[in-house]
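Below is one structure, written out as structure tokens; comments come after it.
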Amino acid sequence: MIALEAYNLKKTYRLNKQIVEAVKNVSLNIASGEVVAFLGPNGAGKTTSIKMMAGLIKPDFGWTKISGINPHIKPSALEKLGAVLEGNRNVYWRLTPQENLEYFGVLKGLTYYQARKSGIALLERFGLQHKRRTAVQQLSRGMQQKLAFAVALVHQPQVLLLDEPTLGLDVEATEDVKVLVREIAASGCAILLTTHQLDIAEQLADRIAIIHKGEIITQLPTDELIRQFSGKAYKIEVETVLDRVRITKLEQIGVEIRENKIIYVDQPELIYQVFNIIEPLELKVVEKAEADLTQIFLKLVKQGV
Ligand code: ATP
């Protein structure tokens, strides 16, 4: 089922006498249980697009639907939406976790009793029950982030917007958040993730959409995107550094050598010549050289200049 739809969104701002086309053409669908990373350089139009999808600003053209309902026509659609904003802006720091959950639960349409019950269940699920009466400002950054997720989930939304969910977290808290995101998706929630941490996007997203200058320039399943950009290159690494004679021979056949021990073979037909040259050195790695999302992102954004 399609949980979040955006069709042909456009938004232009007028700033003094200047016209800024923040979003020119954005269409995006996310199915229940799917994680889509929405990536783009600074000023590409991500925040403006997401604000339109979340019903916060009205598009000049196009429409957006949450669980089939347009939030600009029926604001009750927002009861199906949860958001974790960067810097835990979706929780009140002076309130306790329990108070936050009850407050936001009621704000999202639950009765006080439902909000309290759902809040207790979420505090237990995220291992925060022992901190339920501690002011949020006294919690660790990792705990605050887990609470931000709990608050976003208190009314069981069908769509979750995540803005930089792992920014500023230590390694352990980052891992916890990654597990959480996978669990939430597995429970059927559609997730739209924005982040500048491309390794996190690569690990979490089923699909990647890249926006540049207000337009989506690529939208593909993550593994398909990486496969397309990886080509047919191989990476061969030897245990010890290569000697001068072998390096010269390898250079003569035109392969790339890095750190005197890693060989990149762009043309697969050269691979057996490379093995002949490096024989009998011990091999450490022989693998298809996969492009990572950072390389792909930079390449696409440069092309789209
Ligand atoms: P970042 O990654 O830096 O947060 P972004 O991709 O979220 O960037 P937006 O915040 O959507 O980008 O901004 C897109 C463009 O629209 C930018 O040129 C920005 O300066 C402009 N813009 C955004 N909001 C407004 C506004 N309220 N008034 C005028 N211009 C705006």
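Whatever order the structure lists them in is the order used to number ligands and atoms, beginning at 1.
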In a simple table, one pair per line, please give the protein and ligand 1 atom names for every N or O pair closer than 3.5 Å, along with the distance.
{"residue": "ligand 1", "atom": "2 (O)", "partner": "N42", "partner atom": "ND2", "Å": "3.3"}
{"residue": "ligand 1", "atom": "2 (O)", "partner": "K46", "partner atom": "NZ", "Å": "2.8"}
{"residue": "ligand 1", "atom": "2 (O)", "partner": "H196", "partner atom": "NE2", "Å": "3.2"}
{"residue": "ligand 1", "atom": "3 (O)", "partner": "N42", "partner atom": "ND2", "Å": "3.0"}
{"residue": "ligand 1", "atom": "3 (O)", "partner": "G43", "partner atom": "N", "Å": "3.4"}
{"residue": "ligand 1", "atom": "6 (O)", "partner": "A44", "partner atom": "N", "Å": "3.1"}
{"residue": "ligand 1", "atom": "6 (O)", "partner": "G45", "partner atom": "N", "Å": "2.9"}
{"residue": "ligand 1", "atom": "6 (O)", "partner": "K46", "partner atom": "N", "Å": "2.9"}
{"residue": "ligand 1", "atom": "6 (O)", "partner": "K46", "partner atom": "NZ", "Å": "3.0"}
{"residue": "ligand 1", "atom": "7 (O)", "partner": "T47", "partner atom": "N", "Å": "2.8"}
{"residue": "ligand 1", "atom": "7 (O)", "partner": "T47", "partner atom": "OG1", "Å": "2.5"}
{"residue": "ligand 1", "atom": "8 (O)", "partner": "G43", "partner atom": "N", "Å": "2.7"}
{"residue": "ligand 1", "atom": "11 (O)", "partner": "T48", "partner atom": "N", "Å": "3.0"}
{"residue": "ligand 1", "atom": "11 (O)", "partner": "T48", "partner atom": "OG1", "Å": "2.5"}
{"residue": "ligand 1", "atom": "12 (O)", "partner": "G45", "partner atom": "N", "Å": "3.2"}

| remark: Taken in chain and number order and not counting sequence neighbours, the residues that satisfy side chain to side chain donor-acceptor pair (under 3.5 Å) with R182 are none

| Connected-component partners of M52 among ILVMFWY, side-chain separation under 4.5 Å | L4, L9, Y13, V20, V23, V26, L28, I30, V36, F38, I50, M53, I57, I66, L78, L81, V159, L161, L192, I211, I216

| task | Report yes or no: do T12 and E21 form a side-chain donor-acceptor pair below 3.5 Å? | result | no

| Can you list every side chain to side chain donor-acceptor pair (under 3.5 Å) pair that touches residues 273-291, not counting sequence neighbours? | none

| said: Ring centres under 6.0 Å, that's the criterion: do Y264 and Y234 meet it? | reply: no

| field | L56-V151 co-clustered via ILVMFWY side chain contacts under 4.5 Å | value | no

